[in-house]
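To keep things clear, I will list the structure first and then write my remarks on it.
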Amino acid sequence: ALISCTIPNSVTSSGPYAFCDCSALTSITIPNSVTSIGSGAFSRCSELTPITIPSSVTSIGSGAFHGTKWYKNQLDGLVYAGHFLYTYKGIMPANTKVVIKDDTKGIADDAFCQCINLTSVTIPNSVTNIGDEAFYECLGLTSITIPNSVTTIGDWAFEGCSALTSLTIGNSVTSIGIEAFNDCDRLTSITCKASRPPGGYYNFVYVNKSIPVYVPANSINAYKGWRGFTNIQAIYTITLDHNKGVGDPEQIDAIYNQPLPENIGLVAPTRTGYEFTGYSRDGVYYYDANLKSVRNFDQKQDYTLYANWKAHTTTVTLN
């Protein structure tokens, strides 16, 4: 029968399931003294209106607001930090994009479960584990890149993400959970960078098995028959040589007859006295000066591209 609650300033944390099933609760005030909210703390508080979580809160446990009526359209304002914990950075109404903090170690079970407005999520290279049902039925999510730091993907992690069209799995993933990508029936391509096919069972049910699956070129044979996919294609490594510019060479992945990747954090090289004009080889440009792809990759091998330079000039008048 609890309708409202004001938590006093002496409280520093809310324990697990503290207000779970308070189905009449409509409002609650959380003071700046609170630093953590436990797992399931407000789960199934079905009448709870949107609340303000103060900046003092650094962690929110798994499923803390699951089953609240605003869960599906406002909980996607979370930013994560800490091992299997959420860090909150203020609710962003109708937010559809989430950037997870760089020091995050893992994404909790049910973290974004049924966040139906979520369309984009950026996972940093610090994350090593994606929990069970972490993105279950995120119906608006259209693409996902799982970074190279992740080693395991939990059961049902992305099941029912029916708008998902592209998926990139990093090179350290060794295990994909049961039914992790089931019912992702709009997938048009999968990129799996792991040299050995990740283990697991029944994790791509109801996914079109004829879509291209891009894997490292030297692992083509290892992936034959993987999860029933029939169109296995190679990923090639391109080395970007700075060619007397500042910095060490960089490496990127490329797919035959596809544009080179853009917006992946590449920074144009510099060289004193020169202007960078793009990456090319034998007079053929693949990137322009703004690192925009200007040509589909037309090599079926690992390849090196070289920075091109235009010397700065000045006019000297001889009097």
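Please read all numbers here as calculations on a predicted model, not as lab measurements.
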query: Under 4.5 Å between side-chain heavy atoms, hopping through other hydrophobics if needed: is there a path connecting L187 to V205?
result: no

**Prompt:** When you look at S23 and E47, which way does the side chain to side chain contact (heavy atoms under 4.5 Å, CB included) test go after all the steps?
**Reply:** CA-CA 6 Å; S23 57; E47 295 302 312; 5.9 Å; no

Closest non-hydrogen contact found for P31 with P8 is CG-O, 3.3 Å

Distance col, row R281:CZ vs Q299:CD, nearest 0.5 angstrom, shows 7.5 Å

Q. Take atom CD1 in I178; do more than 12 heavy atoms of anything else shown fall under 6.0 Å from it?
A. no

If only atom types and distance count, is the side chain of D241 paired as donor or acceptor with the main-chain N or O of Y306 below 3.5 Å?
no

The reported gap from OG1 in T165 to CG in L141 (rounded to nearest 0.5 angstrom) is 9.5 Å

Check your understanding: Would you say S219 and R196 make side-chain contact, with heavy atoms under 4.5 Å?
Key -> no

Margin query: Less than 4.5 Å apart, side chain to side chain, heavy atoms only: is that true for S143 and L167?
Written below: no

Heavy-atom check, side chain of N296 versus side chain of Q258, under 4.5 Å = no

Practice item. Please check if the side chain of D183 supplies one atom and the backbone of G160 the other of a donor-acceptor pair under 3.5 Å. Key: no

Establish, from distance only, whether the side-chain atoms of N308 and S280 form a donor-acceptor pair under 3.5 Å. yes

With heavy-atom distances below 4.5 Å as the criterion, would you say the side chains of I28 and C5 are in contact?
yes

Sorted by chain and residue number, the ring pair (Phe, Tyr, Trp, His ring centres under 6.0 Å) partners of F135 (sequence neighbours excluded) come out as F112, F158

Between K292 and D288, the two heavy atoms sitting closest are N-OD1, 2.9 Å

- Message: Please determine whether residues V213 and I220 belong to a single hydrophobic cluster, defined as Ile, Leu, Val, Met, Phe, Trp and Tyr linked transitively by side-chain heavy-atom distances below 4.5 Å.
- Response: yes

| W156/E179 under side-chain hydrogen bond (donor to acceptor under 3.5 Å, both in side chains): CA gap, chis, key distance, verdict | CA-CA 5 Å; W156 314 289; E179 301 181 2; 3.1 Å; yes

Any chance the side chains of T152 and N129 put a donor and an acceptor closer than 3.5 Å?
yes

Take atom NZ of K209 as the centre, draw a 6.0 Å sphere, and report whether it contains more than 12 heavy atoms from other residues, nucleotides or ligands. yes

Practice problem: Examine distances only and state if a side-chain atom of E262 and a backbone atom of S293 form a donor-acceptor pair shorter than 3.5 Å. | Solution: yes

Nearest heavy-atom contact between S27 and L25 is O-CD1, 3.5 Å

Rounding to 0.5 Å, atoms OG1 (T6) and CD1 (I30) come to a distance of 11.0 Å

d(S4 OG, L48 CG) to nearest 0.5 Å is 11.0 Å

Going by chain and number, the hydrophobic cluster around I255 (ILVMFWY, side chain to side chain under 4.5 Å) further includes Y214, I235

Closest heavy-atom pair, K193 versus T168, reported as atoms and distance to 0.1 Å, is CE-CG2, 3.9 Å

Is there a side-chain contact between E159 and E137 (heavy atoms, below 4.5 Å)? no

Could you state whether V121 and I153 fall into the same hydrophobic cluster, counting links through intermediate Ile, Leu, Val, Met, Phe, Trp or Tyr residues with side-chain heavy atoms under 4.5 angstrom apart?
yes

Minimal heavy-atom distance between G15 and A41, with the atoms involved, is O-CB, 4.0 Å

Quick check: does any side chain N or O of S33 sit under 3.5 Å from a backbone N or O of V11, one acting as donor and the other as acceptor? yes

*Sidechain-backbone polar pair: N203 side chain, I176 backbone, donor-acceptor under 3.5 Å*: yes

d(E133 CD, C138 SG) to nearest 0.5 Å is 11.0 Å

Scanning both residues in full, the closest heavy-atom pair of G154 with A180 reads O-CB, 3.7 Å

Should the pair F204 and F181 be assigned to parallel (<30°), tilted (30 to 60°) or perpendicular (>60°) ring geometry? parallel

List the steps, then state whether side chain to side chain contact (heavy atoms under 4.5 Å, CB included) holds for D302 with T239.
CA-CA 8 Å; D302 294 341; T239 300; over 6 Å; no

Residues joined to Y274 in its hydrophobic cluster, side chain to side chain under 4.5 Å directly or through other members, sorted by chain and number, are Y236, I238, L240, I252, Y256, L260, I264, L266, F276, Y279, V284, Y286, Y287, L291, F297, Y303, L305, W309

Is there a path of hydrophobic side-chain contacts, each under 4.5 Å between heavy atoms of I/L/V/M/F/W/Y residues, joining L164 to Y206? no

Report task. Could you give me the CA-CA distance, side-chain angles and deciding distance for N125 and S149, then say whether side chain to side chain contact (heavy atoms under 4.5 Å, CB included) is met? Result -> CA-CA 5 Å; N125 272 314; S149 57; 4.2 Å; yes

Judged by atom type as modelled, is there a donor-acceptor pair below 3.5 Å linking the side chain of T151 to the main-chain atoms of T128?
yes

| query | Sub-3.5 Å donor-acceptor pair from the side chain of R227 to the main-chain atoms of G200, do we have one? | reply | yes

Note to self: If hydrophobic clusters are built by linking Ile, Leu, Val, Met, Phe, Trp and Tyr wherever their side-chain heavy atoms come under 4.5 Å apart, do L139 and Y136 end up in the same one?
What the structure shows: no

Does the pair T145 and I123 meet the rule for a side chain to side chain contact (heavy atoms under 4.5 Å, CB included), with working shown? CA-CA 7 Å; T145 297; I123 303 174; over 6 Å; no

Is any side-chain heavy atom of C192 less than 4.5 Å from a side-chain heavy atom of Y223? yes

Would the distance check show the side chain of S56 and the main-chain N or O of V34 forming a donor-acceptor pair, the cut-off being under 3.5 Å?
yes

Rounding to 0.5 Å, atoms OG1 (T191) and CD1 (I169) come to a distance of 9.0 Å

